[in-house]
2 protein chains.
Amino acid sequence: MLIQIEFQSDVPIYEQVTRQIIEGIARGEMKPGDTLPSVRSLAADLGVNMHTVNKSYHELEAKGIITIRPKSGAIICSTEERALTPEQLRQIEKNLKPVVAEGMVLGATAEQIEHMMKKVFADLQIPAEGV
Amino acid sequence: MLIQIEFQSDVPIYEQVTRQIIEGIARGEMKPGDTLPSVRSLAADLGVNMHTVNKSYHELEAKGIITIRPKSGAIICSTEERALTPEQLRQIEKNLKPVVAEGMVLGATAEQIEHMMKKVFADLQIPAEGV
DNA sequence: TATTTGTTATACAACTAATATAACAAATTT
DNA sequence: AAATTTGTTATATTAGTTGTATAACAAATA
């Protein structure tokens with residue numbers, strides 16, 4: 001799985017790593033049970049510091065997406081382990097709200113926004129429906 | 001229009017102000033042509049510094065949502081003035097992507113995410129369809 | 001046994017967020 | 001015309017974040 005860092009971006013590097021790993025899992029490029037590269041090797045690949053990758057991994061763990069086994073490695077959680085709690089659903093909705101609101105105020109219609117969402121789904125190659 | 005700041009939030013204050021003004025416009029609580037309160041008076045109301053509100057207003061101007069008339073005030077742009085450029089559409093899609101991806105990886109189905117989007121639309125009281 | 005692993009600690013530079021205070025000049029109100 | 005309000009600009013300070021750098025530790029692995 002390829003991770004590409006934009007060093008000029010206003011999105012922090014550790015956040016870019018987190019998002020791209022999430023997208024990689026969504027795309028199916030990485031499956032539950034798979035081991036993430038060690039923080040040292042991924043940091044070397046990306047040309048960033050070890051701690052930056054480590055921060056990303058801990059963010060992923062906090063989100064309930066991976067499990068870090070100390071001195072061993074990071075493993076992608078199974079879908080069963082990822083419970084999708086009401087709290088998580090509320091968080092997703094909270095994240096969705098400002099994006100949708102901004103789109104609306106800028107003049108996007110509900111149809112346009114739904115269309116964009118479908119484009120995002122398609123880009124992330126959902127196994128359901130489309131295939 | 002009521003703006004509520006969560007001082008313990010990890011979302012910066014100026015960003016909270018920006019988002020809530022956008023949501024206020026989406027809800028129709030503020031209409032195009034309306035004048036925003038002066039940076040000083042809003043800052044006093046919220047109990048924050050003038051510069052914090054000023055930063056928010058300039059963010060709104062950069063997004064093409066308001067026009068700041070120096071020494072006079074900030075006015076909400078009309079829908080005609082808000083062009084909704086392809087660049088803006090791309091930005092919205094870019095903002096939508098990580099939120100949707102995270103939801104999916106956490107185990108949310110496409111239906112659940114679409115349902116959440118409709119909840120957000122309902123919460124923002126879209127004049128179309130629902131009413 | 002040697003290497004790799006995540007962890008922890010410390011330090012540093014650059015940047016962001018937020019506040020504080022002040023002064024300026026244009027716009028508005030009285 | 002005078003007083004007030006306005007956004008602007010400048011400077012300074014405090015606190016926190018981001019990212020890097022280096023090092024050492026102990027457990028896991030080869």
Side-chain angles (χ1 to χ4, degrees), chain A residues 1 3-22 30 33-77 81 95 98, chain B residues 1 3-22 30 33-77 81 95 98:
Chain A
M1 191 202 139
I3 292 180
Q4 200 83 359
I5 300 299
E6 290 180 43
F7 290 94
Q8 317 82 346
S9 170
D10 55 331
V11 181
I13 297 174
Y14 78 92
E15 188 65 34
Q16 293 185 43
V17 174
T18 300
R19 290 186 188 178
Q20 291 190 42
I21 289 175
I22 290 176
M30 310 187 87
D34 283 358
T35 307
L36 294 184
S38 78
V39 292
R40 279 181 174 85
S41 67
L42 181 54
D45 283 356
L46 301 178
V48 302
N49 193 274
M50 187 198 70
H51 299 296
T52 305
V53 175
N54 199 42
K55 190 170 183 180
S56 166
Y57 280 18
H58 279 276
E59 198 187 7
L60 287 165
E61 193 181 39
K63 285 178 186 293
I65 293 173
I66 68 172
T67 302
I68 299 175
R69 287 187 315 183
K71 328 287 180 190
S72 175
I75 299 178
I76 299 173
C77 295
E81 285 172 298
N95 294 340
Chain B
M1 193 203 140
I3 292 179
Q4 200 84 359
I5 300 298
E6 289 181 44
F7 289 94
Q8 316 84 347
S9 171
D10 55 330
V11 181
I13 297 176
Y14 79 91
E15 189 66 34
Q16 293 185 45
V17 174
T18 299
R19 289 185 188 179
Q20 291 190 41
I21 289 175
I22 290 175
M30 309 186 88
D34 283 359
T35 309
L36 294 184
S38 76
V39 290
R40 279 180 175 87
S41 66
L42 181 53
D45 284 355
L46 301 177
V48 302
N49 193 274
M50 186 197 71
H51 298 296
T52 307
V53 175
N54 198 43
K55 190 172 182 179
S56 167
Y57 281 18
H58 280 275
E59 198 187 8
L60 286 165
E61 192 180 40
K63 285 178 187 290
I65 294 173
I66 68 172
T67 303
I68 298 175
R69 288 189 312 184
K71 325 291 180 189
S72 174
I75 299 180
I76 300 172
C77 294
E81 285 172 298
N95 294 340

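Here is how names work: the chains are called A, B, and so on, in the same order as the sequence lines, proteins then strands, and each is numbered from 1.
- A/D10 has its CG atom 16 Å from the C1' atom of D/dG19, to the nearest Å.
- Using a 4.5 Å heavy-atom threshold, the side chains of B/L60 and B/I21 count as touching.
- Heavy-atom minimum distance, B/C77 versus B/G64: SG-O, 3.9 Å.
- Of all the heavy atoms in A/S56 and A/V17, the pair that sits closest is OG-CG1, 3.3 Å.
- One interatomic measurement links the two molecules: CD1 of A/I13 to P of C/dA14, which rounds to 16 Å at whole-angstrom precision.
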### Task
Show the numbers, then the answer: is there a side-chain contact (heavy atoms from CB on, under 4.5 Å) between A/F7 and A/V48?
CA-CA 10 Å; A/F7 290 94; A/V48 302; 3.8 Å; yes
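- Between A/Q16 and A/S9 the shortest heavy-atom distance is NE2-CB, 3.4 Å.
- Residue A/K55 has no polar side-chain atom (N or O) positioned under 4.0 Å from OP1 or OP2 of D/dG19.
- Rounded to whole Å, the distance from CG on A/L46 to C1' on D/dT18 is 16 Å.
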### Query
Could you write nucleotides 3-16 of chain D as a row of B, S and -, 5' to 3', where a protein heavy atom under 4.0 Å of any base atom gives B, of only sugar-phosphate atoms gives S, and otherwise -?
---BBBBB------
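- Under the salt bridge (charged side-chain N to carboxylate O under 4.0 Å, His left out) criterion, A/E61 pairs with no residue, sequence neighbours left out.
- Between the axis at the start and the axis at the end of the helix from C/dT1-D/dA30 to C/dT30-D/dA1 there is an angle of 40°, using five pairs per end and rounding to 10 degrees.
- A heavy-atom distance below 4.0 Å to DNA chain C is reached by none of the residues of residues 14-22 of chain A.
- The heavy-atom pair separating B/I3 from B/L46 by the smallest distance is O-CD2, 3.5 Å.
- Atoms CG and CG, on B/N95 and A/N95 in that order, are 11.5 Å from each other to the nearest 0.5 Å.
- Here D/dG19 presents its C1' atom at 17 Å from CD of A/E6, a figure rounded to the nearest Å.
- Contacts of B/K63 classified as salt bridge (charged side-chain N to carboxylate O under 4.0 Å, His left out), with partners at least two apart in sequence or in another chain: A/E102.
- The CD1-C1' distance, from A/I5 to D/dG19, rounds to 12 Å in whole Å.
- C/dA18 atom C1' lies 7 Å from atom CG of B/N49, rounded to whole Å.
- The salt bridge (charged side-chain N to carboxylate O under 4.0 Å, His left out) pairs that include a residue from residues 33-60 of chain A number zero, where partners must be two or more places apart or lie in different chains.
- Closest of all the heavy-atom pairs between A/S41 and A/P37 is OG-CB, 3.7 Å.
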